[in-house]
Protein chains: 2
Amino acid sequence: MVTKQYTGSPEDADLMRADSLAREIFSDVANKWAFLIIEIVGDRTLRFSELRDEIEGISHKMLTQNLRMLERNGLVERKVHPTVPPRVEYTLTEPGHGLRATIDGMCGWTRRHLGHIEASRRRFDA
Amino acid sequence: MVTKQYTGSPEDADLMRADSLAREIFSDVANKWAFLIIEIVGDRTLRFSELRDEIEGISHKMLTQNLRMLERNGLVERKVHPTVPPRVEYTLTEPGHGLRATIDGMCGWTRRHLGHIEASRRRFDA
DNA sequence: CCGAATCCACTTGGATACTG
DNA sequence: CAGTATCCAAGTGGATTCGG
């Protein structure tokens, strides 16, 4: 993905389609709110309002938008209980858990490099 | 990171600071251009113009902006050769390679789930 | 060649109000 | 409670120009 140079040969056409699709998916998902949502859901089952309470600073609108996007891509499952008042619960799907694992890796990386990054920033800002 | 509930106890203060810093860094870095840049640099050394040519669709401005950001956070190194015309080369730092590994993981995940995602989208859009 | 700065069209996201 | 729609303020990103 990403670095290939296309020659225009016929068998390249499929690769290119897969590639640009991958890139599109990547762009969908590689945003901070999506990551945060996936991390926070984890293996729990959370209601809309619980999610909003746990994700500091997210607005109602952003949360719905990202949940829809994640649902559309099959990363979270949305379960509606037909009660009054309504109760809607979100969980990660199996592919969602896979993605979560990679995000976990990134969180770990962040934690391990906090010091280095802070130092680098101070140097840069001077 | 992210999910902890703070009690307000003194020892929590440091955790909270580290946490919000981690989140800030995360927000900096978790954007599609940054990911793409890191992936494309890989273990190569690339000039500004080479980068722009390889990253389809990125504008001059976005590229500079993200390169500055990555440099500030110590993920890429910027080397200026004092020639005429100027020659500026970018490489990943050691922490940059660490982050790259996690992004690689995410790319792999995307490739493995292209089919599932496409199917899920079709279902959703109907 | 690289990058900073300006301009401005366009998108984004927050606040609010309204429905089932 | 969950979600949609609207409005509008603020931010973003592209094109262009100028400078080192």
Side-chain angles (χ1 to χ4, degrees), chain A residues 23-24 26-38 40-41 44-73 75-92 121 123-126, chain B residues 23-24 26-38 40-41 44-92 123-126:
Chain A
R23 238 174 105 164
E24 186 209 325
F26 208 64
S27 308
D28 247 29
V29 160
N31 92 65
K32 87 173 180 184
W33 290 131
F35 280 13
L36 242 28
I37 291 172
I38 290 172
I40 286 186
V41 174
R44 298 186 288 171
T45 295
L46 292 180
R47 307 183 56 172
F48 182 88
S49 42
E50 292 170 334
L51 270 168
R52 201 189 36 198
D53 292 346
E54 289 214 30
I55 307 178
E56 188 187 308
I58 197 168
S59 70
H60 189 124
K61 188 181 178 177
M62 278 300 92
L63 183 54
T64 346
Q65 235 172 58
N66 278 279
L67 284 173
R68 286 295 155 280
M69 181 274 285
L70 292 172
E71 189 193 355
R72 183 170 116 90
N73 288 297
L75 305 180
V76 306
E77 189 189 338
R78 175 168 176 272
K79 189 157 200 172
V80 183
H81 300 265
T83 58
V84 181
R87 175 184 191 85
V88 182
E89 294 179 330
Y90 295 90
T91 51
L92 294 188
R121 287 184 172 185
R123 236 176 297 122
F124 187 93
D125 294 341
Chain B
R23 238 174 105 163
E24 187 207 324
F26 208 64
S27 308
D28 247 29
V29 161
N31 91 65
K32 87 173 177 181
W33 291 130
F35 280 13
L36 242 28
I37 291 172
I38 291 173
I40 286 188
V41 175
R44 297 186 290 170
T45 295
L46 291 180
R47 305 183 57 173
F48 182 86
S49 41
E50 292 169 335
L51 270 168
R52 200 190 35 199
D53 291 346
E54 289 215 31
I55 307 178
E56 188 186 308
I58 196 167
S59 70
H60 189 121
K61 187 180 179 177
M62 276 299 93
L63 183 54
T64 346
Q65 232 172 62
N66 278 278
L67 283 172
R68 285 296 153 281
M69 181 274 284
L70 293 172
E71 189 193 354
R72 183 170 117 91
N73 288 298
L75 304 180
V76 307
E77 189 190 338
R78 176 168 176 271
K79 189 157 199 173
V80 182
H81 300 266
T83 59
V84 181
R87 174 183 191 85
V88 184
E89 294 180 329
Y90 295 91
T91 52
L92 294 188
R123 236 176 296 121
F124 186 93
D125 293 342

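The structure displayed is predicted, hence computed values, not measured ones.
For B:Met62 against B:Ile58, the heavy-atom pair with the smallest separation is CB-CG1, 3.7 Å. The two residues B:Ala34 and B:Asn66 make their nearest non-hydrogen contact at N-OD1, 3.8 Å. Across all non-hydrogen atoms, the minimal contact from B:Trp33 to A:Arg23 is CZ3-NH2, 4.1 Å.
Rounded to whole Å, atom P of D:dT4 lies 11 Å from atom CG of A:Leu63. In this structure, B:His81 places its NE2 atom 15 Å from P of C:dC1, rounding to the nearest Å. Spacing between atom CD of A:Glu50 and atom P of D:dG3 amounts to 13 Å, rounded to whole angstrom units. The distance from atom CE of B:Met69 to atom C1' of D:dT12 is 14 Å, rounded to the nearest whole Å. We find that CG of A:Leu51 is positioned 10 Å from P of D:dG3, with the value rounded to whole Å. As a whole-Å value, the separation of B:Arg68 CZ from C:dA5 P is 11 Å. Between A:Arg52 atom CZ and D:dC1 atom P the separation is 9 Å, expressed in whole Å. Going from atom CG of B:Asp53 over to atom P of C:dC1 covers 10 Å, rounded to whole Å.
Nearest to the side chain of A:Thr64, among D:dT4, D:dC1, C:dC1, sits D:dT4. Candidate nucleotides C:dG3, D:dC1, C:dC1 were compared by shortest atom distance to the side chain of B:Pro86, and C:dC1 ranks first.
Checking the phosphate oxygens (OP1, OP2) of C:dC2, no side-chain nitrogen or oxygen of B:Arg78 falls inside 4.0 Å. OP1 or OP2 of D:dA2 lies within a sub-4.0 Å distance of a side-chain N or O belonging to A:Ser49. Distances shown here put a side-chain N or O of B:Arg47 below 4.0 Å from the OP1 or OP2 atom of C:dC2. Contact check, B:Arg87 against C:dC2: no side-chain N or O comes under 4.0 Å of OP1 or OP2.
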N/O-N/O pairs, protein side and nucleotides 12-16 of chain C side, under 3.5 Å:
{"from": "C:dG13", "atom 1": "N7", "to": "A:Lys61", "atom 2": "NZ", "distance (Å)": "2.9"}
{"from": "C:dG14", "atom 1": "OP2", "to": "A:Ser59", "atom 2": "OG", "distance (Å)": "2.4"}
{"from": "C:dG14", "atom 1": "O6", "to": "A:Lys61", "atom 2": "NZ", "distance (Å)": "2.4"}

Listed pairs under 3.5 Å, donor-acceptor, residues 76-84 of chain A side chains, sequence neighbours left out:
{"from": "A:Arg78", "atom 1": "NE", "to": "A:Tyr90", "atom 2": "OH", "distance (Å)": "3.3"}
{"from": "A:His81", "atom 1": "NE2", "to": "A:Glu89", "atom 2": "OE1", "distance (Å)": "2.9"}
{"from": "A:Thr83", "atom 1": "OG1", "to": "A:Pro85", "atom 2": "O", "distance (Å)": "2.9"}

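In the model, A:Asn31 has no side-chain atom that pairs as donor or acceptor with a side-chain atom of B:Asn31 under 3.5 Å.
Put simply, the side chain of A:Glu54 never gets that close to the backbone of A:Leu51: no donor and acceptor are under 3.5 Å apart.
Applying the side chain to side chain donor-acceptor pair (under 3.5 Å) criterion to A:Arg68, with sequence neighbours excluded, gives no partner residue.
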